[in-house]
Structure formats: structure tokens, C-alpha cells
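Have a look at the structure below, then the notes.
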Amino acid sequence: MALAGLVLLVVLAAFLIERFDVASADHEQAIVQRGIVEQGKALDAVVATQVDWDTAIEKLDNKFDPAWADFNLGNYLFTFNGFSHVFVIDDGGLPFYAAVQGERADLGQFTPFQPVVDRLALRIRAAESSRGAFKPRPGKNNILIPPIQSNAFARVGGQIYVVTATLVQPDFGKKLPKGPRAPITIAAKPIDGVMLKAFADRYLLAAPRLMKPETQSPERQHVVLHAIDRTPLAALSWIPAKPGTLLREKIQVPLLIGVLLLVLLAMSVVRRGATMVQELIASEQRSKHLAYHDLLTQLPNRAMLFEQLRALLAARQPGGVPLAVICVDLDRFKEVNDTLGHHAGDLLIQAVAARLRTACPEAALIARLGGDEFVILHEVTDITVLDVLPSRVLATVSERVGTEYGWLEVGCSLGIAVIDNPRVEPSQALRWADIALYRSKESGRNCVTLFEPEMDEALRSRLSLESDLRHAVQDGSLHMVYQPQVDRSGTITGVEALLRWDHPQRGPVPPGLFVPLAEETGVILALGEFVLRRVFNETHGWQQARVAINISAVQLRAPGFAALVMRLAAEAGIDPARYEFELTETALLGSDPQIAANVDALKRLGFSIALGDFGTGYTSLSVLQRFAVDRIKIDRSFVSALDNADESAALVDSMLKLARAMNLSVIAEGVETEAQKERLVLCGCRDFQGHLTGMPLPADQTAQLLGEAVPPRRKVRQRG
Ligand code: C2E
Ligand code: MG
């Protein structure tokens, strides 16, 4: 646009310059035309002074005086005004005086001038007739009589002349012409170089020249001189001033520089504009990239995933190529984040992202949903893809990663939903893959699960169970039962408090189902507090039996747990020495300082500690010592194995030896048969718990069994 503007400007300037020249030429033309007329009048005036004179009437009309004519006309007009030819003609139009170049000449010199003079004379005579005869004007002799004159251009003998004819007249009327017609003086002046130069000097014309009228040249300007009969005689030509051109020549260089600068400016503006546009496009692309990509890994993000997933799902056809939606979740990523910090976690995520890229085919879309969750979308063109791809992902991600924090190791769990139905929504597809992933996590991590429709149902019921559980703490559907623990003689030495949930619709829900659920969802804290309150409340009056209470690892990790126990114990007025907290091996395995702090505090309060599920985990002796465990419980699995394998007996035997060596008491769990009990006795076991020795019973029945007083149920206060 700027360039177009510039071109327009230049064209406009050129047009104006051209117009300027044309206007100036028109002006010069008019001036020269006027100048020619003026020039004729000036010549007329010169002659008029010589013949508009009483003396001229006297010397040329009344009585011709040739000597007077020589001096005042022929010689005078030639010498002072350059008239080369002077004639005086009579009333019949014939010459009676002739002078050439200031000298009297033969009257025959008049002949070539005759044609033009005849026509001029006609005009003069006409004017003379209309003026009328002179009358003496006594007393008014000082009034000048205006001259009667006419001039014309004429070519005589190849030379152009200005020929002027003037009637001889009295000026003051002292002498009057004798007849009705006075003589006429003819004076002819050649238009020669001298005259042209004088004319050009006066009107500032360059290189004046008289040319033939037909030879006009384009670079010169012309005014045509006509003869008295209007035929073109010659052309007065000169080189026009052309001020526009002159101006252009003068401003040409600065103008060119200006235009050049403008062009440069326009170019830089255009270039700047172009880069600005490019920057704008780039920044738009950047923000688009940001909107659709994860900052940490540069992988597509949730928004992009949903967009692509929607398009890919819509393109499915029942029975056609299905789409695999694979959810990948890192195992134990939280541990890395918690122990080494977020930067280590970020490095790990980046490494995993890079590995996923190498593990997946080019055509697969890999997105990061956030945290340690990734999703892979891939078309299942070949059923083997579902075997090969997940195992490759598992293998690559599980390889340890070298970082500035040392070698980091994580595994991952995969959940896959395979979809060929175009009506499935992206959120639905992801949910299915997520359900399968959840299954993988449940079944020990580092494995792959393919989504089955039943899983959805299971999950649904799990979710409703979860919400019911939150209410169960308040709605009275929870209660405690107590399972006796007996010695060899069958005397009840203690009880284990076990939680029961009678779901209003589903009926009894086994703790093996709802306790892990409560642990995962955090409801276990409220549930645990309920158990403590309820057990303390129901058993505070018992004198003999020791009461064992199960404590979850989640409770032990809570910072205020020991303080809570202390408060509840004080409220119920129980004696801590009669209570035992059953912890699981896995709870004591980690190096969480909070667990150690809670266990220590509980010990200091006087509670004893039992380790449940003993033998199933990796409990080291150091753990037993560090937490000052009082008692171990041999797991039910070992007890039931006693029925058919000798190694089990050997194992149980060694556990008992270890316990004795460490001065720990031992109780066997899940004793169901006499045979089991006998074998245990043989190994040196003294305490037993199981269906054989006593089923879990409600508090009042247990109290009766124990011969203890059944305390009146206090109103149970619950938090929240
Ligand atoms: P656990 O601590 O191992 O509890 C003993 C489990 O063995 C109880 O199952 C009990 O009913 C069962 N049992 C006792 N004798 C026998 C037997 O001879 N044969 C068989 N097959 N089973 C026997 P229950 O009540 O279903 O509890 C399951 C688990 O739920 C408990 O295992 C414990 O880990 C947890 N739990 C129960 N109540 C509580 C609680 O109040 N708090 C916490 N944190 N966990 C609890
Ligand atoms: Mg237990």
C-alpha cells in the first residue's frame, strides 16, 4: 500500500510538472501574441509623430517637398527606427516618394509592396472618410487629432516586414490638406535578427527564430504571423521556458533521494509488519501449544487428549478396528516425591515420558493427564498389539532411571479399555480404562488389566459402599464383637475386639472388605476413633481379660493418634495395662518417624503392642526390637497349614523359638481344630484364638462369658 501510495505521488508530481509547463507555455504564447500587437502599435506611433503634424501636411500635401521627406521620413525613420523602406502615396494610391535604407530611391521600389499597401490604404481611407473633412477650429488649435493608422505583416522578396500605413494629418490644424484625401506614408521594417533579438530580450524568450509556418518543431513554441489576407507568413518560434521541467531538474536529485528514503522506509515498515505478523502467528502457535501440551513433558495434555479421543472414538465402527485406551499410573511415585522432593519427581516424570515415547509406536498418542498418570491411545489393527505394547511399556518404565538423586526406580500399572463403539464418550472410555487400572493396582501393581464390563459394576458398588461407610460411623450400623483368647487350660485370658458393620440394605459386610476401603479413603480415622471409644466404653469395667484392638497403619501415621488414644482412655477411665494394640507387620516396615513416635507414646502410656499376621511379611528382628513389641500373633495361614505339611510345623516351631529367645509372648490365630491346637502345643504355643476356642461375641455376651460385670452402655460421643 505504501509503495502504491509512493507511485501515485510520483505520477501526480510528474503530472503537475507537465501541467506547470503547459500553463507556462500558454502564458508565454499569450504574452508573445500581445507583444507582437504592441510592437506593431509602437512602430505605428513612431511614424505617427512624423506625419501627424501640420508641417507634414504642408510639405507632403500642400506642396511636396522631397528634401523635407528625405530628412523627416526616409532618413529619420531608417536611422532611428530601422524602417528600411519608406513611401508616400497619393490619393490614387500611387507613390510619389520612395526611400530605401534612408536614401531616396526609385519609385519602382514600391511595386513589391503594392499588394499589402493597397489593402492597408483601404482601411485608412475608410477611417479618413468616417473622420470627415477638417474644419478650421479657431481657438482650439491645441487639440491633437488622433492618427489614422494600420499595419500588417508582409513578405516582400523573401523578407518578412512589418508594414505600417499612416494618414498624413495636421496635428493642430494650422495647415489643412488641400483635397478630401491626404497622402499616406508607408514605412516597412524588416523582421531581422536585430529586431528579433530586441523582441526576445523584452519578452525573455530563448533562441528566437523566424521559421516557415509549416516547419514547427515540437521542442519549440510558435506564434504564426499572418499576412493581411490571413495567410500564414511565418512562425515566430522560441524555446519555451518550461519552469516545471526546470523545477523537476532542480529537485530531481533531492526528490529521488526522498523517494528512495521513502521506499526504504516503506520497505522497513513492510518488513517490520511482516515480522510482527510472523511473531503474532508464532505466539498464537505457542499459546496453542501451551493450551494443548503439558509443560513438564511436552506431551499432549488432558485437553488435547479429550479432543483426539473424541475424534478417534467417533471414527470407530462396530466390528472395525477398535481403539485401545491405555491408562498408565506409576507405582510408588508418591514415595519418590515425598522422600526426595518434587524436583526428583519431575525428573522421573520426564524420564518416564521419554520412555513411553520409545515404547509406543509412532502412531500412538501419548498424553499426560497430570501427576503420575499417562494415557496412550492406539488403534488395535492387530490383536497382538494388546500383548506386545503393554508388556513393552511395563518393561521400559520399570528400568531404573539415573538422576542427580541417584538411581530411581518405579514400576507402573496399566488399565486398558478396547472400544469399537463410536457412541462411547471420551470420559466413559477413560473411566473404563481407569477401572481396569484400579484392578491392576489392587492385584499387586506392575501388571496389566483389560477392562471387562463387570468391573464397572463392581466399582459402582464399591463407590456406593464407600459413601455408605462414611455414614455408618453415625448411623449406628457399626458395632463391636469380641473373640476370646484362651490358654492351654482353656481359660480366657483376653479378647480381640473386632468391628462389625450391618449394612441396612446389604446386611453384614465383612471387615476384610470395608476396612481396606476405609483405609484407602481415609474414613479409617473416623472408624478407628469409633472403635476406640466403643471398646473403651464397653470394656472399661472388666477386671481380668486383656482387650486387643486392631489399629490400622493409616491411624498410626496420623500425627495426633497417641494423643487421641490418651484423651479417649482418660475419658473412659480405662487402665492401659489391660489393653493391647494389634499392629500389622506392614505398618511397622516403613521408616515413617510418625509411626515410631506414636508407638513409643502408646508404650509409654502403658499399652502393650502385638504384631498381627506375623510371618507373612518381612519383619526383621530389628523391627521387633525397635518397636518393643510385646507379643506376636502367628498368622492363620500357618495354623491352617499345620494340618497337612510338616514344614509348617517346623516354621511355627522356629517362630516360637525366636519369640522365646526375644522374650516375646506368642498367640496362634485362627485355630479351628483340635489337631491344630495339639500341634501348636507341641511346638510350645500357650495361647490360642480361633473358632475352636471361641467365636466373636457381642460385649454383653463376652462379659457374661468372662464373668465380668456388663457395664451400662454410656452414650457414645462421636466426633464430627
Ligand atoms: P485380624 O486382625 O486377623 O482378625 C482376625 C480375623 O480372623 C477376624 O476376622 C476373625 O473373625 C477371624 N477369625 C478368628 N478365628 C478364626 C478361625 O478360626 N478361622 C477363620 N477362618 N477366621 C477366624 P474379621 O473379623 O473378619 O476381621 C478381618 C480383619 O479386619 C482383621 O483381621 C483385622 O485386620 C480387620 N479388623 C477387624 N476389626 C477391626 C478394627 O476394629 N480395626 C481395624 N483396624 N481392623 C479391624
Ligand atoms: Mg487382628
Side-chain angles (χ1 to χ4, degrees), residues 469 472-473 477-486 492 494-503 507-539 546-558 561 564-565 568 579-588 595 598 602 608-617 629 631-643 666-677 679-680 685 687-699 702:
L469 190 57
V473 180
S477 56
L478 293 171
H479 69 275
M480 302 306 299
V481 291
Y482 300 86
Q483 185 172 33
Q485 297 174 336
V486 300
I492 299 174
V495 289
E496 180 180 3
L498 295 163
L499 183 58
R500 292 290 174 264
W501 182 19
D502 287 320
H503 190 281
V509 184
L513 190 77
F514 74 79
V515 169
L517 185 65
E519 284 179 330
E520 276 165 38
T521 54
V523 180
I524 193 72
L525 294 175
L527 219 58
E529 188 176 332
F530 168 86
V531 169
L532 286 168
R533 264 180 211 284
R534 181 59 70 87
V535 173
F536 288 164
N537 185 23
E538 288 178 337
T539 63
R546 179 179 40 223
V547 182
I549 303 172
N550 291 287
I551 302 293
S552 151
V554 180
Q555 287 173 281
L556 271 189
R557 270 200 289 271
F561 179 65
L564 172 76
V565 172
L568 296 178
Y579 289 84
E580 181 182 69
F581 288 127
E582 268 192 44
L583 314 180
T584 56
E585 280 191 317
T586 38
L588 301 184
I595 291 181
N598 276 329
L602 293 175
S608 50
I609 303 292
L611 198 61
D613 317 335
F614 187 75
T616 55
V629 171
R631 178 150 85 145
I632 56 177
K633 295 185 83 173
I634 295 175
D635 191 65
R636 195 162 65 233
S637 54
F638 298 107
V639 175
S640 59
L642 284 174
D643 289 335
V666 179
I667 180 167
E669 273 190 292
V671 185
E672 291 177 338
T673 61
E674 279 297 341
Q676 288 167 353
K677 191 182 168 194
R679 282 209 158 212
L680 286 164
C685 185
D687 291 288
F688 314 92
Q689 179 186 343
H691 293 167
L692 179 72
T693 53
M695 296 298 281
L697 294 169
T702 308

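In this chain, residues are counted from 1 in sequence order. Note that ligands are numbered from 1 as they come in the structure, with each ligand's atoms numbered from 1 the same way.
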Atom 6 (C) of ligand 1: of R534, E669, R636, M480, the nearest heavy atom sits on R636

shortest atom 23 (C) of ligand 1-to-protein heavy-atom contact is with H691 NE2, 3.6 Å

Side-chain donor or acceptor of T702 paired with backbone N/O of L697 under 3.5 Å: yes

Step by step, work out the side-chain contact (heavy atoms from CB on, under 4.5 Å) result for L469 and W501. CA-CA 9 Å; L469 190 57; W501 182 19; 3.6 Å; yes

Within less than 4.0 angstrom of ligand 1, does Q689 place any heavy atom? no

Between Q483 and ligand 1, find which residue part has any heavy-atom pair under 4.0 Å and reply side chain, backbone, both or neither. side chain

K633 NZ to Q485 CD distance, which is reported to the nearest 0.5 Å: 5.0 Å

Check against side-chain contact (heavy atoms from CB on, under 4.5 Å), V639 and E669: CA-CA 7 Å; V639 175; E669 273 190 292; 5.6 Å; no

Taking only non-hydrogen atoms of P510, do any sit less than 4.0 angstrom from ligand 1? no

Just how far is it from atom CZ of R534 to atom CG of L568, taken to the nearest 0.5 Å? 13.5 Å

Per-atom contacts, ligand 1 versus V531 - under 4.0 Å to a heavy atom: 41 (O)

Atom CZ in R533, atom CE in M480: separation rounded to 0.5 Å? 14.0 Å

Is it the side chain, the backbone, both or neither of L498 that has a heavy atom closer than 4.0 Å to ligand 1? both

Closest approach of any protein heavy atom to atom 2 (O) of ligand 1, naming residue and atom: N550 OD1, 3.1 Å

Applying a heavy-atom cut-off of 4.0 Å, say which part of T584 lies close to ligand 1: side chain, backbone, both or neither. neither

Hey, is E496 one of the residues with a heavy atom under 4.0 angstrom from ligand 1? yes

Closer than 2.8 Å to the Mg ion (ligand 2) - protein N, O or S atoms, ordered by chain and residue number: E496 OE2, N550 OD1, E582 OE1

Are any side-chain N or O atoms of Q555 and backbone N or O atoms of I551, one a donor and one an acceptor, separated by less than 3.5 Å? no

Do Q676 and L692 touch side chain to side chain, with heavy atoms closer than 4.5 Å? no

Using a 4.0 Å cut-off to any heavy atom of P511, which atoms of ligand 1 qualify? 24 (P), 25 (O), 26 (O), 27 (O), 30 (O), 37 (C)

Would you call S552 a ligand 1 contact, heavy-atom distance under 4.0 Å? yes

Provide the closest heavy-atom pair for L602 versus F561 in the form atom of the first, atom of the second, distance. CD1-CE2, 3.9 Å

Side chain to side chain contact (heavy atoms under 4.5 Å, CB included) partners for L498, two or more places apart: V481, Q483, E496, R500, N550, P696

For the atom pair CZ (F530) and CG (N537), what is the distance rounded to the nearest 0.5 Å? 10.0 Å

Do you know which two heavy atoms are closest between Y482 and P698, and how far apart they sit? CD1-C, 4.2 Å

Verdict with reasoning, I549 to V531, per side-chain contact (heavy atoms from CB on, under 4.5 Å): CA-CA 8 Å; I549 303 172; V531 169; 3.9 Å; yes

Please check atom 4 (O) of ligand 1 for a protein heavy-atom neighbour under 4.0 Å. yes

Let me see the working for I595 and N598 under side-chain contact (heavy atoms from CB on, under 4.5 Å), right down to the final yes or no. CA-CA 5 Å; I595 291 181; N598 276 329; 5.9 Å; no

Just to confirm my output: which protein heavy-atom neighbour is closest to atom 38 (N) of ligand 1, and how far is it? L499 N, 3.1 Å

Verify atom 17 (C) of ligand 1: protein non-hydrogen atom under 4.0 angstrom away: yes

Considering only the protein, which heavy-atom contact is closest to atom 11 (O) of ligand 1, and what is its distance? R500 NH2, 3.6 Å

Which ligand 1 atoms does E672 reach within 4.0 Å, using its non-hydrogen atoms? 17 (C), 18 (O), 19 (N), 20 (C), 21 (N)

L532 versus F581: any side-chain heavy-atom pair under 4.5 Å? yes

Can you name the atoms of ligand 1, numbered from 1 with element, that are less than 4.0 Å from a heavy atom of G690? 15 (N), 18 (O)

